[in-house]
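Numbers for residues simply follow the sequence, beginning at 1. Atoms within each ligand, like the ligands themselves, are counted from 1 in listed order. Computation of the quantities below employed the complete heavy-atom set of this structure, encompassing side-chain atoms and omitting hydrogens, waters and symmetry-equivalent molecules.
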Amino acid sequence: MARYIFITGGVVSSLGKGLASAALGALLQARGYTVRLRKLDPYLNVDPGTMSPFEHGEVFVTDDGAETDLDLGHYERFTGVSACKTDSVSSGRIYSTVLEKERRGDYLGKTIQVIPHVTNEIKDFIKIGDGDVDFMLCEIGGTVGDIEALPFFEAIRQFSQDRRGECIFMHLTLLPYIAAAGELKTKPTQHSVKELRSIGIAPDILMCRSEHEIPQKQRDKLALFCNVHPDAVIPALDLKSIYEAPLAYHRAGMDRAVLEAFGITDAPEPDMTKWYDVLDRVQHPEGEVKIAIVGKYTALGDAYKSIAEALTHGGMHNRVKVNVEWIDSEVFKSEEEVTSRLQGFNAILVPGGFGERGTEGKIKAAQYAREHDIPYLGICLGMQMAVIEAARNLAGIKDAGSEEFDSESGKKRITPIIYHLKEWVEGNRTIKRDASDDKGGTMRLGAYDAILSEGSRVAEIYGTTTISERHRHRYEVDMRYREAIEATGLKFSGISPDGKLPEIVEIPDHPWYIGVQFHPELKSRPFEPHPLFASFIEAAVKQSRLV
Ligand code: GLN
């Protein structure tokens, strides 16, 4: 059975608990252990699928089609372990399962209560597959003291009693710096630990986020007041790159403190070779490129977290620094504006998105990239925009558009080049849906295969003609327009195995122009950059040499 590490947060949110958990996972792996990371989110949404990216950042999609918290992206990037449905759960999901069971009569007439019914459901979730790994890391979203999180805290408390000696608690807090006093303050951490202890949880390890070195005096004080070993007070200082975290936290003693808390004395020393290499590539770039991301949720970096990371990985692969500028596609009102905003970039990326707002600007960005030989990567909606652009401006289908926008603003009588997919096959079952599913629910989600045309640029980039990539969309490019669009030079170079759904388009006569219906960014890792991103950045490097 696995050993459990529960990671909680205190004082304030956004301290980087997900990252700390991911880095700890990577450190345990480097010592030869197997790990799995899980996220337990206290909010009442059943999953983040319906939450606005402005509220919650990116929705991370797993191979098995779960829409999850973006922290699962960090877990995958740092450990290389693909997450699945059973690695992310919310209060909403737990309550909905409990209520379903109640309706079915599973509880045999009992009164349903938070303790034990809700907490048992949480414990059952935590235990899934615990025979398969050495360490299970469970991060509790939010901050200690949040009302919705109480059942989770109670469940992990009970769990640590059921499995005495096999569970530890790591608490991440903030030491604010008071400039007037010239001091880091420990009081908020003391209060946060007090709050945890009042619900029966005594942390074994304190990770202390801080903008300054934490003097020994302060660490001893924290150890004394919070009842942890002085070596278990781990400073977590601000880092320039998130990929420094495993090495920095190792130096700060994080993995050692964890092993000590479990009483493990014979652990091998970690092999950090690949992290040294990753860091060397981040810290010593040999050039730089400038990429424009033309999207809708540009005000919030977290909305395109995986894309930003995948671009960084592409940069590491090519040993260049990637400077990203986020451009709101709504700013393009005229041709001059498009040119003035987009000139000078070495490549343009149009990411995924939902809804009509800003789409005309994205179409203009695709056109600009095509006409000016600028490398273009269109992801999901970004591919659909490239197809509409070619249909309108090259194939002469002037009113080409997507049914997504038609259904939003009443009938506008467009030619639906992009249509609503209502039925598809998944394994041996056919999935159907109707218009009422539009507000969430059924999307084509998770990993699907695609077949690439022999001799295409994407086949060369991937080095194979069968690929599997993760999807999250409702609309598809209509195959009936294939001939007309291909005649313009935009080729359908990747198709679903049944030949029905276009997965990739590319312009062979352009330096680098590719649109993909899936989300390659979700599978990119620092030590295994996604081939499309590695190649896209390489194209940007070539472009930068031309100017
Ligand atoms: N809105 C588009 C669709 O549903 C694109 C989705 C996306 O970019 N993730 O098909």
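Protein residues having a heavy atom under 4.0 Å from any atom of ligand 1 are Gly352, Gly353, Phe354, Cys380, Leu381, Gln384, Glu404, Arg472, His473, Arg474, Tyr475, His519, listed by chain and number.
For residues 304-323, every residue pair satisfying the salt bridge (Lys or Arg N to Asp or Glu O under 4.0 Å) rule, not counting sequence neighbours, is listed here: Asp280-Arg319, Lys305-Glu309. Counting only residues at least two apart or in different chains, salt bridge (Lys or Arg N to Asp or Glu O under 4.0 Å) contacts with residues 381-398 comprise Glu360-Arg392, Arg370-Glu389.
Checked options Gln543, Glu288, Lys542; the residue passing with Asn346 is Gln543 (criterion: side chain to side chain donor-acceptor pair (under 3.5 Å)).
Note: Tyr513 and Tyr376 have parallel aromatic rings, judged against thresholds of 30 and 60 degrees for the angle between ring planes.
For the salt bridge (charged side-chain N to carboxylate O under 4.0 Å, His left out) test, residues two or more places apart in sequence or in another chain that qualify with Lys101 are Glu121.
You'll find the ring centres of His317 and Phe527 outside the 6.0 Å limit.
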